[in-house]
Protein chains: 4
Amino acid sequence: MGDDPSTPNRRDAGRPRGASVVAAVLAATRAELAESGLDGLSVDRVARRAEVNKTSVYRRWPTKEALVAAAMDGLRTEFADSPDTGNLRDDLHALAEPIAEFLSRPEGKALARAAIGTGATSEIAALASRRMTEQASPVFAIATRARGRGEWHDDTDPQQVIFSLVGAIMHRVLLEDADPTGRWLDSLVDLLHRGAAATPVAPPDRTTP
Amino acid sequence: MGDDPSTPNRRDAGRPRGASVVAAVLAATRAELAESGLDGLSVDRVARRAEVNKTSVYRRWPTKEALVAAAMDGLRTEFADSPDTGNLRDDLHALAEPIAEFLSRPEGKALARAAIGTGATSEIAALASRRMTEQASPVFAIATRARGRGEWHDDTDPQQVIFSLVGAIMHRVLLEDADPTGRWLDSLVDLLHRGAAATPVAPPDRTTP
Amino acid sequence: MGDDPSTPNRRDAGRPRGASVVAAVLAATRAELAESGLDGLSVDRVARRAEVNKTSVYRRWPTKEALVAAAMDGLRTEFADSPDTGNLRDDLHALAEPIAEFLSRPEGKALARAAIGTGATSEIAALASRRMTEQASPVFAIATRARGRGEWHDDTDPQQVIFSLVGAIMHRVLLEDADPTGRWLDSLVDLLHRGAAATPVAPPDRTTP
Amino acid sequence: MGDDPSTPNRRDAGRPRGASVVAAVLAATRAELAESGLDGLSVDRVARRAEVNKTSVYRRWPTKEALVAAAMDGLRTEFADSPDTGNLRDDLHALAEPIAEFLSRPEGKALARAAIGTGATSEIAALASRRMTEQASPVFAIATRARGRGEWHDDTDPQQVIFSLVGAIMHRVLLEDADPTGRWLDSLVDLLHRGAAATPVAPPDRTTP
DNA sequence: TGATAACCGAGACGGTACGTCACGTCTTTAA
DNA sequence: TTAAAGACGTGACGTACCGTCTCGGTTATCA
């Protein structure tokens, strides 16, 4: 006794949490979310589906929010790096494409719905925002490159471009229930490209003399 | 059976539905919606708040959806007529402004959240879409006028302009929890104006020779 | 309108309570009590057994105590009138017999256990006391009659006689798990009769000269 | 595994059981029992109060019953020897007094309640019976002495006297929530003394010639 | 004017889910 | 081996809403 350096601040005592439980619950949560939406989501059913006890769910995730957020956190789509295609239009398209893809998937839709449905202050919305920010960050690099090439309109806020993009896609996916397919997305990117570009842009498919 | 003409085909017998009940319930619904959001909404509480019996609520609106839709139907903002300002940019701004205003109000937010949260097939989303369509319809007139003046870019789909506008505003209001204020909205309209316009647009504040 | 005397203080509004529910629940409660004892009693199980919803149970009986008390209230054994047999000893026996019988039955045992187990201030104990008092009241009549015949010992408190009687029976039934059968009860009554009587008492079966 | 003397034939290896754990747990159990009664008793709370782990409780006492029984076993009141006062009445009083005293104390009450509440077949009831039997055993000596003095009524079963005594006290303490005070106890002993005695007994305060 | 039919308030009812608590078993690390 | 720590399945707790139902009492309209 005395200045015992090995103070028993045992932080790793006790039976460790079974990894399988976490996985099963989160998977079940994602499945339920995709099927029934956020407010059709019941902890009881999630637990039943994961073949895990309700208390085991509550032990880790004290609120439904936290559970959904955790489930969504596992969705980390790898859409981080958008390549330098050499021109603004294709850079924007490369940025938009994985976002559209993500929001087309049931889980992506569910996350978006949940984020919007629960309000801006919710944990879920925060998560979604974080995701979006991660994804949106390349837009600054794109803008910088474009500006270097004289392609960027000075008055354009890069964030506004990306948010318009995302907003339009969300509108299409969540309210119109339509897919953000290739042609549609092309057209949208063209629209915003013209808005962001310094000079008039030739129509993409018609050859200019 | 029988061709008795005096058969009591009385369709309008009985005590008529009190109008006050409708008003009270819808008002209570709107209030609860603004306070607690869509899934914090309980018929029991609405009825209690309206000082009306639960049965009287269910008699008219069989589902929670229908109730919310009816409540929202009373929101008819008068944003139908956008004037002809003589140029595309201001036409677009005149179109965007009331939308932004509507989505800033608590009830507007609530409607948007509800529409998105309940899924694209829901009655509420249908209502929201209808509202949006009503509001968006002038965009075709705007496009036609602009085309007449040689201001409209041929490849631009008017719908896509309006949906980008709405989507960007929704993103700002519902996810970023920020107001779509004058400067921000100006900037957004500029962006989309440039996208929709046939020719390069001079920066709004710098005079070009 | 005006001074309407028939003020709508409708006490009988609403759907009337189904009598069958009450009966089923109380029966189930008694059965569970007899099987599992007081703290083996679960509202969940009672409801399941009665094929009634849990909420329907809670609607009427807010606590487990109240439920048990109500169930026990249905036990009103008809042991109110003890006849005048003409002598003290038989009067006492006539008083003791139905008590012993009641405490031998499973429900009687359960009530006694519950009353004692939950503490003297509980609703159940109050009920048990009431029952006991109802039953014990004839002891005063018995004492009065006996005093008239010169059979009652002046210093004896009638209540103490009845409480000794009940206490002894409870001890036998609840702690020794033995039946208060005829011979044993005879003997107990004899003991207390001698204690309560003014003069020495001859043994019941041996003839005195 | 040869006969290596230094082979750890460790029969006493491992961490020794801390004696303090037992004491702490039993003390906590008694405290909780007195506070919350038998079914307000939770192993979790006991462990927390004793600042001991739940596991350590279960290691020693596999059931709640066993725990309570063990806790009660520490109550050994020293009421074993009742002196020979030379007459039956005072012998009985000397026997009754410590019993009444024990049942007045909170722990005594708790034990009695627990014994009755858990049913006759429970470990606790067995313990209580054992206690009672230990305490009651002198009644045979008392009866024998009284019979020697011609004071004992032949038909009286000594056990029945003691059980009536105990039963009456329990009734008073557990159901009436009253103390078995001196005067009341005197009166009870008188009643049973008269019942047990061979000859009529003079009132204790009036002198007979 | 009176029957008829709908409205309305009140509340019972069977469900489902909520989030919490205690149980007793188990698995792990530290002493 | 014991102890502390805590995960885990089980099951009950008491509450809140859901949507349906059965009542009694109230208005209207129509015969």
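Labels below follow one simple rule: chain letters A, B, ... track the order of the sequence lines, proteins then strands, and each chain is numbered from 1.
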If the condition is side chain to side chain contact (heavy atoms under 4.5 Å, CB included), which residues does B:Glu107 pass it with, not counting sequence neighbours? B:Leu75, B:Arg105
Mind checking side chain to side chain contact (heavy atoms under 4.5 Å, CB included) for A:Val57 and listing every partner two or more places apart, or none if nothing turns up? A:Val25, A:Val43, A:Ala47, A:Val52, A:Trp61, A:Leu67
By nearest atom, which of the nucleotides [options] is closest to the [X] side chain?
X       : options                : result
C:Asn53 : E:dT25, F:dT2, E:dT16  : E:dT16
D:Asp44 : F:dA3, F:dC18, E:dC23  : E:dC23
B:Arg45 : F:dC17, F:dG14, E:dA10 : F:dC17
A:Lys54 : F:dG6, F:dC17, E:dC18  : E:dC18
C:Ser42 : E:dG24, F:dC13, F:dA3  : F:dC13

Any pair counted as side-chain hydrogen bond (donor to acceptor under 3.5 Å, both in side chains), so long as it reaches residues 18-34 of chain A, sequence neighbours left out: A:Glu32-A:Arg45, A:Glu32-A:Arg49
So, is D:Thr55 close to the F:dG6 phosphate, meaning a side-chain N or O under 4.0 Å from OP1 or OP2? no
Any side-chain N or O of A:Ser56 less than 4.0 Å from the OP1 or OP2 oxygen of F:dG9? yes
For DNA chain F, whose closest nucleotide is more 5', that of C:Pro62 or that of A:Arg59? A:Arg59
On DNA chain F, compare the nucleotides closest to C:Arg48 and B:Leu41; which residue's is nearer the 5' end? C:Arg48
Just the rounded figure in Å: distance from [atom2] of [N] to [atom1] of [X].
X       : N      : atom1 : atom2 : answer
D:Leu67 : E:dA22 : CG    : C1'   : 14 Å
A:Tyr58 : F:dC13 : OH    : P     : 18 Å
B:Asp39 : F:dA16 : CG    : P     : 18 Å
A:Lys64 : E:dA17 : NZ    : C1'   : 9 Å
C:Trp61 : F:dC13 : CH2   : P     : 15 Å
D:Arg49 : E:dA22 : CZ    : P     : 14 Å

Heavy-atom nearest pair, A:Glu65 first then A:Ile124, reads OE1-N, 3.7 Å
Residue-level proximity of residues 26-36 of chain A to DNA chain E when a heavy atom falls under 4.0 Å: none
Non-neighbouring partners of A:Asp177 that pass side-chain hydrogen bond (donor to acceptor under 3.5 Å, both in side chains), sequence neighbours left out: none
By side-chain hydrogen bond (donor to acceptor under 3.5 Å, both in side chains) - contacts of D:Thr55 (at least two apart): D:Asn53
Report yes if some heavy atom in the side chain of C:Val46 is under 4.5 Å from a heavy atom in the side chain of C:Lys54; otherwise report no. no
